[in-house]
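We're numbering straight along the sequence, starting at 1. Source: prediction; values computed, not measured. Side chains are part of it too, since the values below use all heavy atoms of this structure and drop only hydrogens, waters and symmetry mates.
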Amino acid sequence: MLELPQEVESVLAGFLCCEVTIAKDGMPLTWPAVPLWLPRRGQVVLSTSIGFAVKAANVRRDPRVSLLFSDATGSDLQAPGAVLVQGTAVVSPRVETWTPDLDAHWQRVRAVQPASRWFASTASARWFMDWYYMRLLIHVTPVRVLWWPDRSMLGQPRQWQESDVG
């Protein structure tokens with residue numbers, strides 16, 4: 001279990017979206033993602049549809065990823081900082097349709113994107129969209145965390161890294 005400062009924990013748990021940077025052949029490639037912070041495991045879970053599996057393919061080539069939590073829109077947090085998580089990612093070996101992590105992910109997606117409920121509203125919608133619900137889970141374990149309490153990235157960030165543990 002990671003012991004991160006409360007201000008970092010609240011950003012990881014409260015932000016509705018993060019920018020995921022996954023290297024592709026040594027070049028960074030950034031995607032928006034809905035993060036799910038699992039504090040007991042000290043991991044952020046992301047998921048990707050098998051129809052858009054570029055994130056998973058890139059992680060399998062190079063497991064180093066960065067997650068930038070910089071936009072607090074919709075988070076209900078008052079004046080949160082910006083957080084950059086640098087970590088190691090692992091892609092689940094199986095295509096999943098249900099796991100406890102995926103269930104928590106879908107609950108979060110429905111809260112963040114209420115219109116997404118339409119895709120599961122009828123049997124025919126679910127049938128046509130089955131590829132969307134077949135997911136690859138990406139578990140990110142932080143190695144280093146930088147944060148800017150005032151969200152201004154002009155100054156030096158505060159830092160936590162794996163070697164700081166015990």
Side-chain angles (χ1 to χ4, degrees), residues 1-49 52-92 99-116 135-166:
M1 189 161 130
L2 299 180
E3 292 190 27
L4 297 171
Q6 183 56 44
E7 62 189 307
V8 172
E9 291 264 355
S10 65
V11 166
L12 296 180
F15 275 41
L16 307 179
C17 186
C18 71
E19 298 84 38
V20 180
T21 301
I22 303 170
K24 178 186 178 191
D25 302 331
M27 297 298 294
L29 184 61
T30 303
W31 301 85
V34 176
L36 175 65
W37 172 238
L38 301 174
R40 288 189 176 149
R41 283 196 242 154
Q43 291 182 323
V44 177
V45 177
L46 309 170
S47 83
T48 188
S49 161
F52 303 105
V54 173
K55 286 181 242 171
N58 289 348
V59 165
R60 286 181 173 142
R61 275 194 287 266
D62 187 343
R64 297 172 298 169
V65 300
S66 295
L67 311 176
L68 179 62
F69 296 78
S70 64
D71 186 349
T73 302
S75 71
D76 294 331
L77 296 174
Q78 299 301 315
V83 174
L84 175 66
V85 175
Q86 296 172 324
T88 304
V90 175
V91 178
S92 60
T99 68
D101 290 350
L102 197 50
D103 185 49
H105 167 77
W106 287 125
Q107 288 179 32
R108 185 155 177 85
V109 168
R110 283 190 294 275
V112 172
Q113 302 169 346
S116 68
R135 310 296 283 189
L136 293 167
L137 297 177
I138 302 170
H139 291 84
V140 178
T141 301
V143 173
R144 183 174 162 202
V145 178
L146 303 174
W147 71 98
W148 296 262
D150 62 0
R151 222 179 321 156
S152 168
M153 295 180 184
L154 298 174
Q156 288 293 318
R158 296 182 184 173
Q159 179 175 315
W160 171 94
Q161 56 188 67
E162 194 175 37
S163 60
D164 294 345
V165 177

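Considering every non-hydrogen atom in both Val90 and Val59, the closest pair reads N-CG1, 4.3 Å. For the residue pair Phe15 and Asp71, the shortest heavy atom distance occurs at CD2-O, 3.3 Å. Among all heavy-atom pairs drawn from Ala56 and Val91, the shortest one is O-CG2, 3.7 Å. Across all their heavy atoms, Val140 and Gly87 have their closest contact at CG1-CA, 4.4 Å. Between Ala72 and Arg151, the closest heavy-atom pair is CB-NH2, 3.9 Å. Counting all heavy atoms, side chain and backbone alike, Ala33 lies closest to Lys55 at CB-NZ, 4.4 Å.
Here the straight-line distance linking atom CH2 of Trp37 with atom CG of Leu67 works out to 10.0 Å at 0.5 Å rounding. The OG atom of Ser92 sits 8.0 Å away from atom CD1 of Ile138, with the distance rounded to the nearest 0.5 Å. One finds the CD atom of Gln86 at 10.5 Å from the CG atom of Leu68 (value rounded to the nearest 0.5 Å). We find the CD-CG distance between Glu7 and Leu77 to be 11.5 Å, quoted to the nearest 0.5 Å. Taking CH2 of Trp160 as the reference point, atom CH2 of Trp147 lies at 9.5 Å (rounded to 0.5 Å). Rounding to the nearest 0.5 Å gives a distance of 6.0 Å between OG1 of Thr48 and CZ of Arg135.
Dense packing is recorded around CG of Asp103, with more than 12 heavy atoms of other residues, nucleotides or ligands lying under 6.0 Å away. Atom CZ of Arg61 has more than 12 neighbouring heavy atoms from other residues, nucleotides or ligands inside a 6.0 Å radius.
Side-chain atoms of Ile22 and Leu29, non-hydrogen and from C-beta on, never get closer than 4.5 Å to each other. The shortest distance between side-chain heavy atoms of Thr141 and Val143 does not fall below 4.5 Å. Thr73 has its side chain out of reach of Leu16: every pair of non-hydrogen atoms, C-beta onward, lies at least 4.5 Å apart. At a threshold of 4.5 Å between non-hydrogen side-chain atoms, the residues Val145 and Leu12 do not count as touching. Proximity of Leu46 to Val65: side-chain heavy atoms (C-beta onward) are nowhere separated by under 4.5 Å.
For the residue pair Asp101/Thr99, the side-chain donor-acceptor check at 3.5 Å is not satisfied.
A side-chain donor-acceptor contact under 3.5 Å links Arg108 to the backbone of Pro35.
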Open item on the list: The test is side-chain contact (heavy atoms from CB on, under 4.5 Å); show your working for Leu154 and Trp148 and say whether it passes.
Closed with: CA-CA 9 Å; Leu154 298 174; Trp148 296 262; over 6 Å; no

